[in-house]
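Remember, it's 1-based here, ligands and their atoms both numbered in the order they're listed.
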Amino acid sequence: MQLSDKTLTNLAENSAITTPKYDRANTNIGIVHLGPGAFHRAHQAVYTENAMNVAGGNWGICGVSLRSADARDVLAKQDNLYTLAILDKEINYQIIGAIKEVLVASEQSEQVLARLSAAATKLVTLTITEKGYCLGADGQLDVQHPDIAYDLAHRYQPKSAIGYIVQALSQRKDHNIDAFNVLSCDNVSGNGDKLRRAVIDYAAQLDQTLAAWVEANVAFPNAMVDSITPKTEDYTVDAVSTAIGAKDNWPIQREQFTQWVIEDNWKGERPAWDKVGVVFTSDVDGFEKAKLRLLNCLHSTLAYAGSLAGFETVFDVTSDSAFYDFICKLANEEVIGSFEPPKELDVHSYSKEIIERFLNPEIRHLLAQIAWDGSQKLQMRILPIIEDNLRLGRSTKLLSLSLACWFEFICRALKENKDITDPLADEFANLTALRSNDITEVVEGFLSIESIFGNELIKNSQLKNQLIESLSALRLGETCQINAIVEKLC
Ligand code: CS2
């Protein structure tokens, strides 16, 4: 039996499986989501599903993949239904119906623009990853970015999320249709502000009055998102299909914990998210910092240090006492205290709970998946902590070790001719310093990449020396003995 609208009634008879409680067939699309990958399907789509379960509303989602047709083609065979498997102390299955349509922008740009411009579309949400914002080191839109340059020349058939959003807003303005809200759901600090900058800069390239209209009419709330969502593997497909008694070709797995904190800066309607656990607050900044600096910084640290030591998953490496102690020390001594947490957050318990989440044996979260796109992720997760600690006269020794693990991870991949999944992979390959055996040369090579480090950190001799010491310790020692390396450096 294949999961589909037809077979949904059979599944609804199984009390262990939650199915949509609203009238799915008569629910219209009110949200367009750009980038309907696993995280969207595990997080925002689930909150929207739960909101429609309790309060209805026309908040069906049109997912727009910018390039890949996989999600559209697989989900079409199951009427865009899929299973969310919550893998934790208890295992739960929920069939999600919130996604009503999936389009592929590279093949269906007209339909995408029509959907975005429709009056019924009240909200555009995005998970386009750090690299999708196309901002330069100065925080402004990088108009030389190949996708942006292309879009400015082909505004009706854009490639980037920014190009689509602005073209749709322009069409709405021309047809006197109210603007939509735009909500970024990426792990990017100040994600709403960054997106706003990119959208307004792009609009200004086309037409100043459009830019002014966007500025006056579009809300770009900042938001913090959290839920550990490893990518779907073949074994997930088999296990979930067996558990629900129907073939689901693309289920999504995640942990029980989930959090969404959104800045209460909104124009017009929204789904009843506040009734299903979404927190609306005037200040998201503290939540964002806590999440990026604790969960994501520790995740990336484990991804690079753990991969160098031969571990495969977050669970495996965190279960090793030396790595467990390392990330606890990093969190307690260098991360906590680098920022002002929100008043309502006990940051020590928050940090402990995060490390507990890494020890969920049901979740096989590959370090290799977290290691992707380090040049973009570390700018959000590690460098701001280093900058703040340097400013506050706090230690950066363990943060430098974490960064040095990334350097070594890249250097090894270059030496072993392995593929590097990173938008700067070509730049790394062309930097001969990164293949050098001279550690100072390697460190200077990395620090010279301005799009990552800017032009301030490179001048900091304390940081440079710590990076040299950390990288030497890593090359001389055994990464699996991370405790010995930490002891040597501290
Ligand atoms: C991870 C995140 O892949 C990664 O880089 O650190 O996706 C992490 O699992 C989520 O931010 C958790 O909310």
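Ligand-side atoms of ligand 1 in range of Lys377: 3 (O), 4 (C), 5 (O), range being under 4.0 angstrom from any heavy atom. If you number the atoms of ligand 1 from 1 as listed, the ones under 4.0 Å from a heavy atom of Ser227 come out as 12 (C), 13 (O). Remark: ligand 1 atoms within the under-4.0 Å shell around heavy atoms of His299 are 1 (C), 6 (O), 8 (C), 9 (O). For ligand 1, the atoms lying closer than 4.0 Å to a non-hydrogen atom of His365 are 9 (O).
Nearest to atom 11 (O) of ligand 1 by heavy atom, out of Met380, Lys231, Lys291, is Lys291.
Taking the six-membered ring where tryptophan is involved, the planes of Tyr47 and His43 are perpendicular, since the angle between them exceeds 60° and thus also 30°. Phe446 and Phe407 have parallel rings, their planes meeting at less than 30° on a 0 to 90° scale where 60° marks the start of perpendicular.
A side-chain N or O of Thr396 and one of Gln466 form a donor-acceptor pair less than 3.5 Å apart. When only modelled atom types and interatomic distance are considered, Asn389 and Glu334 share no side-chain donor-acceptor pair under 3.5 Å.
Other residues, nucleotides and ligands contribute at most 12 non-hydrogen atoms within 6.0 Å of the CG atom of Asp234.
When heavy-atom distances to ligand 1 are checked against a 4.0 Å cut-off, Arg381 comes that close only through its side chain, counted from C-beta outward. If you look at Asp226 next to ligand 1, the close heavy atoms, those under 4.0 Å, come from the backbone and the side chain alike.
Every residue meeting the side-chain contact (heavy atoms from CB on, under 4.5 Å) condition with Thr18, not counting sequence neighbours, appears here in chain and number order: Lys21, Gln94. Lys397 meets the salt bridge (charged side-chain N to carboxylate O under 4.0 Å, His left out) test with no other residue; sequence neighbours excluded.
Taking distance alone, with nitrogen or oxygen atoms compared against 3.5 Å, Gln369 stays at or beyond that limit from ligand 1.
Summary of contacts: the protein heavy atom closest to atom 2 (C) of ligand 1 is Asn296 ND2, 3.6 Å.
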